[in-house]
Number of protein chains: 2
Amino acid sequence: MNSNVETTSGLSGTISGEITETLRDAIITGEFPQGSKLSETKLAKDLDISRGPLREAIRKLEGMNLIQHIPQQGARVVTLSPKFVLEIYETREALETKAASLAALNMSSGEIDQLHRVIDAQSKFMHDNSNAHIPAESDYVFHEILIRGAKNNVIKNALLHRLYPLIKMFRYQNSKASNSTSNSLLEHRQIIYAIEQRDPELAAVTIKRHIVRARNRIERRFNENIDGD
Amino acid sequence: MNSNVETTSGLSGTISGEITETLRDAIITGEFPQGSKLSETKLAKDLDISRGPLREAIRKLEGMNLIQHIPQQGARVVTLSPKFVLEIYETREALETKAASLAALNMSSGEIDQLHRVIDAQSKFMHDNSNAHIPAESDYVFHEILIRGAKNNVIKNALLHRLYPLIKMFRYQNSKASNSTSNSLLEHRQIIYAIEQRDPELAAVTIKRHIVRARNRIERRFNENIDGD
DNA sequence: CAACCAAAAAATGTTGACATTTTTGGTCTT
DNA sequence: AAGACCAAAAATGTCAACATTTTTTGGTTG
């Protein structure tokens, strides 16, 4: 199974944890299609494990919002309907805006340096490739540093464990809907500026605009695919 | 086991679901103390079930943030440290502020009527009892209607499934730290007003102040218990 | 030919036993 | 007496079989 989406998670050590990561990546990449059923018997056979750990993995993935489980009926991969995706981005807007204002207050100078290193790399990449798109992975790294810098574990877990998997899934399976436009680098610079100024309000409005713009691009694309095409 | 905290959940039908609700209520009420270990063998014996469904229930409770599970070490009830509680309220502020502004846009008039009925009942209660405190249950109902009115399932699940259980747990075990002051009724009226005006910004600032005040009361209480006492 | 019912097949839910790891308790050494 | 070490006990992780529910299938009937 393809598993180069994200390997950084502390779920290993047990079969249940390993399987969780395997399935997570398979869902994010679309190897298991949206809405498809995850048959316990079949999966257990394919992965060569018993159903016990598999069921626990499914419960964990349910906690990540990647799977919907209905008693006596089984588990299905979530379906990223337009409505659902827009709801995800509204939630992200609420949480990450708060995270940014907290980051402006709580980030260490070391963490700010990390942010600089990331956008310097992004800048170099775009210059070298004269490419309008920042690599998705690099964009995640930027936002993850910012989220961790807020020093609020509840917000961090909500974003990194329950929302970003869905966002990664959407982006991976809709590569054209990439969040990384040519504006992203500039917007990232503005966010860093606000944090360096230790200005929580500025950080909030800046990142809010960043996320709302991404949401609006996605919404526009959805609408195009309805009337036009 | 005491279980009059909340009985409305669609988890029944399976042993795993029943046990989840039982344990959830036992954790919220403090029957299982914060930080205490939930021994699978002992619990399975006490509840007279096998460890399979119990383990699944523990996974679900982990998804509700009520339990922390460490591989090879077992599950423990979360500890509501002051830092953790304040983080919970910061997260609630972010999510419920967005929920309120969405509710101002999306709530049906029927739902607004429901809000009115709840605060009318609260008003009658306070008048009859000349009591400074709205019952916690009634306060939850108000906020739950508002959250559902936002018509955003991601925010709804984050708040009702992952954050409110923790808030209920904190309030139940710190009854003096009740959120319901004499101001709460007035603040609830202001929130309804903003929603009736279909004014998302006003709804946002109003509920934000409501939640930040609650947070500040809690923070003050924490500080009192450190220096003073 | 479609609708319906019943038996069979398959899937999910549950259980008890086994495997492996962690914790406990006591002994021995320094 | 304190600490290291080892064996026993207990706990968590895993498995395979059993129970119950749902889905499928195939045949009958209107």
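So that the names make sense, note that chain A is the first sequence line, chain B the second, and so on, each numbered from 1.
Every residue two or more places apart in sequence or in another chain that forms a side chain to side chain contact (heavy atoms under 4.5 Å, CB included) with B:Ser101 is listed here: B:Lys98, B:Pro200, B:Ala204. By the side-chain hydrogen bond (donor to acceptor under 3.5 Å, both in side chains) test, A:Lys83 pairs with A:Glu87, sequence neighbours left out. With sequence neighbours left out, B:Lys156 forms a salt bridge (Lys or Arg N to Asp or Glu O under 4.0 Å) with no residue at all.
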> What is the per-nucleotide protein-contact pattern of nucleotides 12-18 of chain D, from the 5' end, where B denotes a base atom under 4.0 Å from a protein heavy atom, S denotes such proximity for sugar-phosphate atoms only, and - denotes neither?
Replying inline: BBBB---

Under 3.5 Å, side-chain donor or acceptor atoms of residues 46-54 of chain B against the rest of the protein: list the pairs with distances, not counting sequence neighbours.
{"unit_1": "B:Asp46", "atom_1": "OD2", "unit_2": "B:Lys42", "atom_2": "NZ", "d": "2.9"}
{"unit_1": "B:Arg51", "atom_1": "NE", "unit_2": "B:Glu40", "atom_2": "OE1", "d": "3.1"}
{"unit_1": "B:Arg51", "atom_1": "NH2", "unit_2": "B:Glu40", "atom_2": "OE1", "d": "3.0"}

Side-chain atoms of residues 65-82 of chain B: list all donor-acceptor pairs with protein atoms under 3.5 Å, sequence neighbours left out, distances to 0.1 Å.
{"unit_1": "B:Asn65", "atom_1": "OD1", "unit_2": "A:Arg162", "atom_2": "NH2", "d": "2.9"}
{"unit_1": "B:Asn65", "atom_1": "ND2", "unit_2": "B:Arg162", "atom_2": "O", "d": "3.0"}
{"unit_1": "B:His69", "atom_1": "ND1", "unit_2": "B:Arg59", "atom_2": "NH2", "d": "3.0"}
{"unit_1": "B:His69", "atom_1": "NE2", "unit_2": "B:Arg59", "atom_2": "NH2", "d": "3.1"}
{"unit_1": "B:Arg76", "atom_1": "NH1", "unit_2": "B:Gly35", "atom_2": "O", "d": "2.8"}
{"unit_1": "B:Ser81", "atom_1": "OG", "unit_2": "B:Phe84", "atom_2": "N", "d": "3.1"}

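In this structure, the CZ atom of A:Arg76 is 13 Å from the P atom of C:dA11, given to the nearest Å.
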